[in-house]
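Below: the structure, in structure tokens.
Counting starts at 1 for both ligands and their atoms, following the listed order. All residue numbers refer to positions in the sequence shown, counting from 1.
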Amino acid sequence: MGPKWLKDAVFYEIYPQSFQDSNDDGIGDLQGIIRRLDYVSELGCNALWINPCFDSPFMDAGYDVRDYKQVAPRYGTNGDLIQLFEEAHRRGIHVLLDLVPGHTSDQHPWFKESAKADPNEYSARYVWTDEALWGMEGRPYIAGMTERSGAYMLNFFASQPALNYGWLHVTKHWMSAMDSPEALATREAIKDVMRFWLDAGCDGFRVDMADSLVKNDDERKSGTAAIWRDIRAMMDDEYPNAALVSEWSNPVLALCDAGFHMDFYLDHQCNGYNTLLRDYETEGGDHSYFRCDAGGDIKRFLQDYLPKYEQSRESGYISFITCNHDTPRPARTLSAAELKLAYAFILTMPGVPFIYYGDEIGMRYLDLRTKEGGYQRTGTRTPMQWENSVNKGFSNAPSDQLYLPVDESDDAPCVEEQLVDADSLLSETRRLVALRHAYEDLQADAPFAVVNDDEVEAPFVYRRGGMVLAVNPSSAEKRFEGDELLGKELVYQIGAARVTDGCLTMPGQSFAVLA
Ligand code: NOJ
């Protein structure tokens, strides 16, 4: 299952642009993150994922890397990043960087070489056809912009050409086989980037679009999975304590086949995870499970989650997220009371949970114009709200020079206020993270089982190891009786849940943990 530290890991995702500005230029930076490490530690998080902080023209907020081995000047220097690793490690915090293996920026020197007419070492580093006048059969491509005659494939936006890891089925002479020297060279180049940062002190990577490497891959993504198994073998051999989490959201493929340690459960429309927090795209209105008035049904989540969990639990961890830099913040549709229950659930599930910066205080989704390729994601990427002072404590730069505007509403949540309020979302989140650390049965490995999913009269009741947990997101009181409760006592609750004579009574919007 990989590094032992994952068993009790609770991650905090930091979008470096928006966390803390230390030099008053209006954008967050690495020294700013270092300054706030005690906050992360006091929240109880013992691991970080930092979104790309490498040199980039920022057409996609840094997911268009121009130099994998150089920190973007706007965030600081490589020395600052190494200092961040050291300062984090001093506090028992592991640090994952963001690895973007599927594409680079079109400004990357590899691509500039690749686009030249004269063949060179990088000609086949990207996926090219041999002729600019025909394209790439249904795949996104660009032609007519380069000295080289050929069309190049895109992996995401127009500025992100696809790196060449080969094709599973080669049907045209310009396609590389997966084991061709040029495809293997790309794979080695990415390993070289990984070694560079692992040697510098990072503890692993979140892997962007992890399923996107091999072209013409089969349904099981067997080509891409073989590459990741090879990379995992390198890590097991050379960096056995380093961790990999995939942006894939298919744990059977990512964990069992490809060998990732963790795989994100992402907000794909109507999948199990989305039915919990942000089901507003379903026909007939919002039936998110944690909305007290939505009439949500936990079975929709369980139908999707349980088979995935059962099939992948021996291989790795499913990672629940509060949100991420690509999804609407959960506070867009859930109140603070609803968020408490949602986080209680996320933080007591198996696998390794991730909290996106600011979700712990219920930061809102803002309706903003696109910034650096963010489009509708931009509203989830605004500056962290630390205190009720200038720019909410994020930066001392003039407000009109901030990377993105801060939430200026009068009742915008902030850390300073919530720290001194025992009822706040932040205080509840801190208690929940502490609870997870206190009981091994609530951590990554202890088995999960459904005790009661018939919610008409009763709460949803589940087991983790020897513990019993119950959640009632609705506004109606619910009761549960069962042998599972025998000899158990409440060790944590939200709302006034009580157990009397073997009966658990759960008022509206409550959560209970029994041990
Ligand atoms: C997924 C990342 O999370 C997203 O922010 C980015 O735009 C795409 N991959 C392309 O790299």
task = Provide the number and element of each atom of ligand 1 under 4.0 Å from a heavy atom of E247.
result = 1 (C), 3 (O), 9 (N)
message = Does the residue R206 have a heavy-atom contact with ligand 1, meaning some pair of atoms that are separated by less than 4.0 Å?
response = yes
request  = Could you tell me whether Y265 and F320 have their ring centroids closer than 6.0 angstrom?
outcome  = yes
task = Go through ligand 1 atom by atom and flag the ones less than 4.0 Å from a non-hydrogen atom of H325.
result = 2 (C), 3 (O), 4 (C), 5 (O)
Sidechain N-carboxylate O distance under 4.0 Å for R187, D230 = yes
ask   = Will you find, in the side chains of S159 and D106, an N or O donor that is under 3.5 Å from an N or O acceptor?
value = no
request  = Please write down residue, atom name and distance for the protein heavy atom closest to atom 9 (N) of ligand 1.
outcome  = D208 OD1, 2.8 Å
request  = Just jot down the ligand 1 atoms closer than 4.0 angstrom to any heavy atom of H103, in number order.
outcome  = 10 (C), 11 (O)
query = For atom 6 (C) of ligand 1, what is the nearest protein heavy atom, given as residue, atom name and distance?
reply = D60 OD2, 3.4 Å
ask   = Between the side chains of S399 and N391, is a donor N or O closer than 3.5 angstrom to an acceptor N or O?
value = yes
ask   = When you measure from atom 5 (O) of ligand 1 to every protein heavy atom, which one gives the shortest distance, and what is it?
value = D326 OD1, 2.8 Å
Plane angle bin for Y357 and F19 - parallel if under 30°, tilted between 30 and 60°, otherwise perpendicular = perpendicular
message = Please determine whether any non-hydrogen atom of R381 lies less than 4.0 Å from an atom of ligand 1.
response = yes
query = For R329, which of N324, T380, D359, T322 qualifies under side-chain hydrogen bond (donor to acceptor under 3.5 Å, both in side chains)?
reply = D359
message = Between Y289 and F301 (judged by ring centroids, cut-off 6.0 Å), do the two rings come close enough to count as a pair?
response = no
message = Quick check on contacts: which atoms of ligand 1 are under 4.0 angstrom from a heavy atom of R377?
response = 4 (C), 5 (O), 6 (C), 7 (O)
